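Step one of this worksheet: look at the structure below.
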Amino acid sequence: MMTGKEIREKYLKFFKERGHRILPSASLIPHNDPSILWTAAGMVPFKPFFTGQAVPEYKRVTTCQKCIRTPDIESVGRTARHHTFFEMLGNFSFGDYFKESAIPWAWEFVTEYLNLPKEKLWITIYLDDDEAFKIWNKEVGVPAERIVRMGKDTNFWEIGVGPCGPCSEIYVDLGESRGCGSPDCQVGCDCDRFLEIWNLVFIQFFRDEEGNYSPLENKGIDTGMGLERVASVLQGVASNFDTDLFREIMDFTADLAGQKYGQDSKIDLALKVIADHCRAVTFAVSDGALPGNEGRGYVIRRLLRRAVRFGRVLGVHEPFLYKVSQAVITQMKDAYPELQQKSEHVLRVIRTEEERFLETLAAGSDILSALINEAKAGGVSEITGQDAFRLYDTFGFPLELTQEIAAEQGLTVDEDGFAAAMEEQRKRARSARQETEYLSERGVLYKACGKNWGKPALWATAPWKPIPTYWHC
Ligand code: GLY
C-alpha cells in the first residue's frame, strides 16, 4: 500500500527530476489577494508569476499545498470526498513548458509511478481544445473514445481574480459497482464511479474583477492533484476518510472517546467531521488565523464548534479537540515543519476556544431542547427565526448549528425570520452606536466581559460584535 506520505514524496521527486524546484507549501492565508479568503489551490501563491507582475526565481516549481475550501462544509463526512482542508499536489510552469510536456508527464506519473491501469483512465478536455486532444491521442496514445470534450462549467479553471484557462482532467473508472447504474453514467456523472484525480490547467487568460478575460503574454501550467483522492484509489478504499491520512486521526479520536470506527454510522460521521475540521483548524491556526466573528475567524470558529458538537455525539463532553490537534501535528509535522514550531500556540488557541464554547453550548442546548419539545408538543415543525436568532445572539449558536440540531429532531428553522431578526438587530445597533459613541470598543468589550452583565441592552446591541458572548475576554 502506498501511504499518503509516499505519494507526496514520489510526486515531488518526479517533478524535481524533471527540472522543477520543490517549494514548501505557502500559508493558508493568502497574501495581497483580497479576492479569496483562503489559499484554496496550489496556484494561488503563484498568481503574480503567471501574470508577469512578479518574476519567479524558478520557472518550474512543484509543491504540496495546504488548501482550505469551505462552501461544502455540510457535506463533509456525508460523502466520500468533501473536505474543508486538503492537500493539493501540483507542478507549475511560469512561461516555460506548456501542454506538450504537462500532458505526457501526467500520464507517465499516473501509469508508471502510481501504476494505475491505463484501461481504467479517462481524459476530459475543453470543448475546442484540439491541441490537447492531439497530444493525448497521438503522442500519449489514449484512445479517442476515452477523451471526452466538456464545457466551461467543468473544463475551464479559475479562482477569483487572476490567471485562468481551459483544463484537462484525468479520471479513474472505479468500476460499475461504485456507479449509479444509470445507462447514461459516464465521466462527469455525479456518482462515485468516475473519480477525477488530476486537473491540468493551461493558464492563458487573466480574469479581472468584472469577469472579462484577456490573453496573458506568457502561457503557463498549473496542475492540481488531490492527495487524499489519489490515496483512496491507490489504497483501494471507498472514501478519502478510509485512507491512512484520515484513519490515524479518526482512530485516535475513537480511542479517546472509547468508540470504534465502522460500527455505527452516526459515530462514523462524527469521527470524519472531527478529523476533517480538526485538520483545517490546526493548519489554519498554525498559519496565523484565530477564531473570530468575521471572515476567516468565523470560518475557524464555525469549524471548531461543529467539531465540538460532533464530539458530543461520541459522548465527549470535555475539551478534547486540542488532543486530536496534537495527533494531526504528530502525523503531519514532517511534511509541514511549521506545525511543530507553532504547536504550543495552536493547542492553546484550540483549547481555549473549545472550553468557552462548551460553556456556551451547555446553556444554549438546554434552551434549544426546550424549544424543540415545545414545537413538537404543539404540532409545529419549525423553530421560529426569532428563537433561532436569540440563540445566536445570546448563546453564540450559529444558525447552522441550530438547524443541524433541529433537523436531527425532524424540524426546520425559519431562515427568513432569522435574517429579519438579524437585520432588526443591525438597525438597533446603528442607532445604539450613535447613542453610545463616547464608548470606545474597549469600553463596550469590558462591559461585555462579565463586569456588567446586568445591562443586556448594551451588549445585545453592540454594533461591533454580533455574538456578544464572553469568548473575547
Ligand atoms: N488549480 C487546479 C486545480 O485546483 O484543480
Side-chain angles (χ1 to χ4, degrees), residues 7-8 11-12 15 20 23 25-28 30 33 35-51 56 60-72 81-99 101-103 105-107 109-110 121-126 129 132 148 150-172 187-188 194-207 213 216 218-233 240 280 283:
I7 300 166
R8 210 189 275 125
Y11 185 97
L12 297 175
F15 282 102
H20 292 65
L23 292 184
S25 170
S27 169
L28 280 164
D33 192 346
S35 74
I36 44 173
L37 210 51
W38 299 101
T39 299
M43 62 81 77
V44 166
F46 304 129
K47 281 183 176 185
F49 298 154
F50 287 115
T51 57
R60 297 178 181 194
V61 162
T62 183
T63 60
C64 184
Q65 175 63 49
K66 311 175 264 194
C67 297
I68 287 186
R69 290 185 194 174
T70 55
D72 296 319
R81 320 259 167 236
H82 282 103
H83 303 297
T84 59
F85 172 88
F86 58 94
E87 294 172 81
M88 184 159 282
L89 293 157
N91 53 292
F92 306 91
S93 151
F94 311 122
D96 189 17
Y97 63 87
F98 200 47
K99 296 176 196 178
S101 297
I103 291 176
W105 279 340
W107 187 255
F109 186 70
V110 291
L121 299 179
W122 286 71
I123 304 299
T124 67
I125 55 170
Y126 185 60
D129 194 348
V148 185
M150 295 186 44
K152 185 164 185 253
D153 51 333
T154 59
N155 280 58
F156 190 94
W157 204 87
E158 55 197 336
I159 184 168
V161 170
C164 55
C167 57
S168 177
E169 304 161 309
I170 303 179
Y171 279 78
V172 183
V187 166
F194 295 96
L195 179 66
E196 183 221 319
I197 53 162
W198 202 348
N199 187 15
L200 317 180
V201 186
F202 311 127
I203 298 278
Q204 56 194 91
F205 298 109
F206 181 85
R207 186 194 141 115
Y213 299 93
L216 286 171
N218 289 315
K219 293 177 184 171
I221 289 292
D222 150 36
T223 84
M225 175 190 262
L227 176 64
E228 297 80 0
R229 286 176 175 223
V230 175
S232 79
V233 176
N240 296 3
F283 275 94

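Note that the structure is predicted; figures quoted are calculated from it, not measured. Each ligand, and each atom within it, is numbered from 1 in the order the structure gives.
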Could you tell me if any non-hydrogen atom of Arg69 lies under 4.0 Å from any atom of ligand 1? yes

State the atoms of ligand 1, each with its element, that fall below the 4.0 Å cut-off from a heavy-atom position in [X].
X	value
Val201	2 (C)
Asp222	1 (N), 2 (C)
Trp157	1 (N), 2 (C), 3 (C), 4 (O), 5 (O)
Met88	4 (O)

Glu196 and Arg81 ion-paired at < 4.0 Å: no

Close aromatic pair by centroid cut-off 6.0 Å: His20 and Tyr11: no

With a 6.0 Å cut-off on the ring centroids, do Phe50 and Phe94 count as close? yes

Taking atom CG of Leu89 and atom OG1 of Thr63, what is their separation to the nearest 0.5 Å? 7.5 Å

How far is atom 5 (O) of ligand 1 from the closest protein heavy atom, and which atom is that? Asn199 ND2, 3.0 Å

For Phe283 and Phe85, take the angle between the two ring planes, folded into 0 to 90°, and tell me which bin it lands in: parallel under 30, tilted 30 to 60, perpendicular over 60. parallel

What do we get for Glu169 next to ligand 1 when only non-hydrogen atoms under 4.0 Å count, side chain, backbone, both or neither? neither

N/O donor-acceptor pair under 3.5 Å between Arg69 side chain and Ala40 backbone: yes

